[in-house]
Q: 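My questions will all concern the structure given below.
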4 protein chains.
Amino acid sequence: MDSSSTRRQNTRRKLFAAAVTLIAEQGFSSTTVDEIAERAGVAKGTVYYNFASKTDLFEELLRHGMELLTGSLRAAAEEAAERGGGRSAALDAMIRAELDFVARHPSLAQLYVAELWRTNRAWQPTLTRVRQQAVEVIESALREAGAEGDPLAESDIPLTASAVFGMVLVAALDWRSFQPERSADDVHAALSRLLQGRLNGAVR
Amino acid sequence: MDSSSTRRQNTRRKLFAAAVTLIAEQGFSSTTVDEIAERAGVAKGTVYYNFASKTDLFEELLRHGMELLTGSLRAAAEEAAERGGGRSAALDAMIRAELDFVARHPSLAQLYVAELWRTNRAWQPTLTRVRQQAVEVIESALREAGAEGDPLAESDIPLTASAVFGMVLVAALDWRSFQPERSADDVHAALSRLLQGRLNGAVR
Amino acid sequence: MDSSSTRRQNTRRKLFAAAVTLIAEQGFSSTTVDEIAERAGVAKGTVYYNFASKTDLFEELLRHGMELLTGSLRAAAEEAAERGGGRSAALDAMIRAELDFVARHPSLAQLYVAELWRTNRAWQPTLTRVRQQAVEVIESALREAGAEGDPLAESDIPLTASAVFGMVLVAALDWRSFQPERSADDVHAALSRLLQGRLNGAVR
Amino acid sequence: MDSSSTRRQNTRRKLFAAAVTLIAEQGFSSTTVDEIAERAGVAKGTVYYNFASKTDLFEELLRHGMELLTGSLRAAAEEAAERGGGRSAALDAMIRAELDFVARHPSLAQLYVAELWRTNRAWQPTLTRVRQQAVEVIESALREAGAEGDPLAESDIPLTASAVFGMVLVAALDWRSFQPERSADDVHAALSRLLQGRLNGAVR
DNA sequence: AATGAATGAGGGTTCATTCAT
DNA sequence: GATGAATGAACCCTCATTCAT
């Protein structure tokens, strides 16, 4: 039936929502299935009717959330390309997209940094794959930006891309934790300047 | 009782060493006291003879490790100041120090990013304090660097400092996880170039 | 509503068939309603539409199965009486009937021995009653056989009957589990010889 | 230390004792670890400190218990041989030993018949092995008994042995469940007569 | 100073049963 | 007549902590 399938989808959505927040706050192991169920407003058994295990719920959640991230990075890059901003406009647009993403889904960002570099975790492959996708979007922006001026050495590109990606992520998390009163524009501008080389005023 | 005090210190050291690695790999909650004891080569009871609790062991460990980090950043800054490198030499030295730190203590770095932005954790204050100290060292480097050229707006300094700190951290973790074959010099150079404004070529 | 009543009967039959096999293999508690429903090719709710509970399904099943057993023993006895085989022909016919029964319904036999001597089980009375009926059929065969020669002491009869019944049951189960290649005739002959006193040769 | 090893052994013994009774009464799956621990007078965690799992506890228990059985059958056979009883004295002694065993450990006997012919259970191999050993003891008794008179066909021996073994087992269980007032001697005599061929008085 | 057996609260998971469709 | 999503009690097992040795 359609209605029952809809009902199920709805239950899953509620469980996802409950799980992200809790796991981001407390970590995967410290979050209990009881808590997730209670927060989602369903019985504990319902979690297991909808997901094979706690780990499975978490993995599906990660996959879903991380696709949102790469999706919005890609959208930002394309949009910038269409607008023909040239230069580093695409890079700038992606910084903004990443910033906005963290603002909208802080829990996912928190999860990402907490889990990405761990070894021996069931969902590590999923994360690595997502990281790869996100970083690739930035890499191409770097290549195109380089084409207009002094190009970066090819070997530097992956490292630089991941550094930029990580920097924005960390800066965004710091922003929300330690200076939540600043505006997104403000933070964006500062990061933008940093990456435009105004760092030490050496504009020469 | 010098010998016995030594013996105790030695046991504690073994427990510290066992705990960092395991917790970095698996997270705090997923690491059991049994595992720590086994890895350290002592009986389970011994852990409780030496530490009040699992949390306590972890907090002492964090405090110890984080002092190493701020210590080495400060040392790098001072050394650079003495050598009078000027301009961005101090900043460069700190990048290098942070990179080396992650290379030497990857587990601690991993722990740091996993726990820093979490709320409601016993050791969160410890981490925030450490972050504050580290960022301050970078802030003064930024101020001094700025004094030689176009200064950064004062309001940008904390944000930029934390962004730089975070960027290096993330880049270093990525380096160890995904491109371990690169040399520290190589990674250092790439980050340095990025921060020197070569990102999108001559901005003229 | 003949057609719908037929449909219902059919569903119940499918559920019975699925349940016997599974419960014989895994035991009552280890068999889940989900498994039974899946094996029967119906939805889980259907089980509860047709039976009050899992226990109820099992009891109806047992009752049904055990009536088959006593029925076939009785039929064998009667038939032998009609053919007037005399002596131990009736006993022999019953051995054969029991053997055939186990061959045709191994799951039921398995269930019987697994549950008969347990205490505190809901269906224990059912089983005891069946045992009583089966043993009685054999008892009368023994009495009649005895009438032709040296009679067994009356007090020995119930014990002997239950021993014979049990022996055949166990031998049949062993046959199916450990020597399935032997023919029913073969096994029958061996048991028959054993009960005819050829065990240790001529006792004379 | 010796004392702590003794303590552990003692705990294990208590757990074994608690588990046999409960599992024989209720079956493996229906018996909870809580019940076992409570009956043994220890905490639930203690069960898991001493055994890897509930299944493991059960398997060790089975192995232990079944070795007692084969041991006592073998002892009975040897003793009879020494006493030079000849004829079917050895077989008789083993019947008696089996009877006594069931009287002393009814729970084990109950477990045996309940589990032996099940498929797909973790401990099935253990049981089959034990069965094999027990039956072999009887087989050699049959061969020797046969040597003094009309020998059984070689192909009949395994089947006959398992039939005798099973018959005594079932008879003993019936005895304890349905006619507990009879003496062991009495039951033994009836079974003995049955196997000596007095069944239908055909002593000819 | 160290050990390891024992504990019991609490977590993940299963499953018979209910109920709205 | 049948379905399948949802439930929650109860189960197996884990693990930080205690304590007698």
Side-chain angles (χ1 to χ4, degrees), chain A residues 1-12 29-37 42-55 57, chain B residues 1 3-8 10-11 29-37 42-57, chain C residues 1 3-8 10-11 29-37 42-57, chain D residues 1-12 29-37 42-55 57:
Chain A
M1 291 304 115
D2 206 23
S3 75
S4 91
S5 144
T6 301
R7 187 180 177 197
R8 235 190 129 149
Q9 282 310 313
N10 191 37
T11 303
R12 286 173 65 98
S29 315
S30 306
T31 300
T32 68
V33 173
D34 270 297
E35 287 173 316
I36 296 174
V42 300
K44 202 203 302 207
T46 304
V47 176
Y48 287 90
Y49 185 74
N50 285 282
F51 297 93
S53 66
K54 183 187 169 189
T55 298
L57 161 59
Chain B
M1 312 304 110
S3 77
S4 76
S5 145
T6 300
R7 183 179 176 194
R8 215 182 150 166
N10 191 37
T11 302
S29 314
S30 306
T31 301
T32 70
V33 174
D34 269 296
E35 285 173 314
I36 297 173
V42 301
K44 193 189 208 173
T46 305
V47 176
Y48 286 87
Y49 185 76
N50 284 281
F51 296 93
S53 68
K54 183 188 171 188
T55 300
D56 191 66
L57 160 59
Chain C
M1 310 302 110
S3 77
S4 76
S5 145
T6 301
R7 184 178 175 195
R8 213 178 153 169
N10 192 37
T11 303
S29 314
S30 304
T31 300
T32 69
V33 174
D34 269 296
E35 285 173 314
I36 296 173
V42 300
K44 194 189 206 172
T46 305
V47 176
Y48 286 87
Y49 185 77
N50 285 281
F51 297 93
S53 68
K54 183 187 170 190
T55 300
D56 191 67
L57 160 58
Chain D
M1 289 307 115
D2 207 22
S3 75
S4 90
S5 142
T6 301
R7 188 182 175 195
R8 233 188 133 152
Q9 283 311 312
N10 192 37
T11 303
R12 287 173 65 98
S29 314
S30 306
T31 301
T32 70
V33 174
D34 270 295
E35 287 172 314
I36 296 174
V42 301
K44 201 209 293 212
T46 303
V47 176
Y48 288 90
Y49 186 74
N50 285 282
F51 297 93
S53 65
K54 183 187 170 188
T55 299
L57 161 57

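Labels below follow one simple rule: chain letters A, B, ... track the order of the sequence lines, proteins then strands, and each chain is numbered from 1.
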Q: From the set E:dT7, F:dT7, E:dA2, return the single nucleotide nearest to any side-chain atom of B:T46.
A: E:dA2
Q: Could you write out DNA chain E as dot-bracket? Rules: Watson-Crick or G-U wobble, both distances under 3.5 Å, brackets [ ] for crossings, | for pairs with another strand, dot for unpaired.
A: .||||||||||||||||||||
Q: Going from CG on A:N50 to CD on A:Q9, what distance comes out if it is rounded to the nearest 0.5 angstrom?
A: 8.5 Å
Q: Roughly how many Å is it from CD in C:E35 to C1' in E:dC15, rounded to a whole number?
A: 11 Å
Q: Using a cut-off of 4.0 Å between protein heavy atoms and nucleotide atoms, how would you tag nucleotides 15-21 of chain F 5' to 3' with B, S and -?
A: SBBB---
Q: Within the pair C:T11 and F:dG1, is there a side-chain N or O less than 4.0 Å away from OP1 or OP2?
A: no
Q: Rounding to an integer number of Å, can you tell me how far D:N10 CG sits from E:dA6 C1'?
A: 13 Å
Q: Which residues satisfy the ring pair (Phe, Tyr, Trp, His ring centres under 6.0 Å) test with D:Y48, sequence neighbours excluded?
A: none
Q: What integer distance in Å separates D:F51:CZ from F:dT14:C1'?
A: 18 Å
Q: Apply side chain to side chain contact (heavy atoms under 4.5 Å, CB included) to residues B:V33 and B:L57 and explain how you reach the verdict.
A: CA-CA 10 Å; B:V33 174; B:L57 160 59; over 6 Å; no
Q: Would you please name every residue forming a side chain to side chain donor-acceptor pair (under 3.5 Å) with A:D34, sequence neighbours left out?
A: A:K44
Q: Taking side-chain contact (heavy atoms from CB on, under 4.5 Å) as the test, write out the residues that go with C:T55, two or more places apart.
A: C:F28, C:S53, C:E59, C:A122, C:W123
Q: Give a yes/no answer on whether the side chain of A:N50 brings an N or O atom under 4.0 Å of OP1 or OP2 in F:dA6.
A: yes
Q: Mind checking what makes side chain to side chain donor-acceptor pair (under 3.5 Å) contact with B:T31, not counting sequence neighbours?
A: B:Q26
Q: Contact class for D:V47 vs. all strands (heavy atom < 4.0 Å): base, sugar-phosphate, or nothing?
A: nothing
Q: Taking atom CZ of A:R8 and atom OG1 of A:T46, what is their separation to the nearest 0.5 Å?
A: 10.5 Å
Q: Atom CD of A:Q9 to atom P of F:dG4: distance rounded to whole Å?
A: 16 Å
Q: Which residues pass the side chain to side chain donor-acceptor pair (under 3.5 Å) test with A:T11, sequence neighbours left out?
A: none
Q: Tell me every residue that passes side chain to side chain donor-acceptor pair (under 3.5 Å) with B:K54, counting only those two or more places apart in sequence or in another chain.
A: none
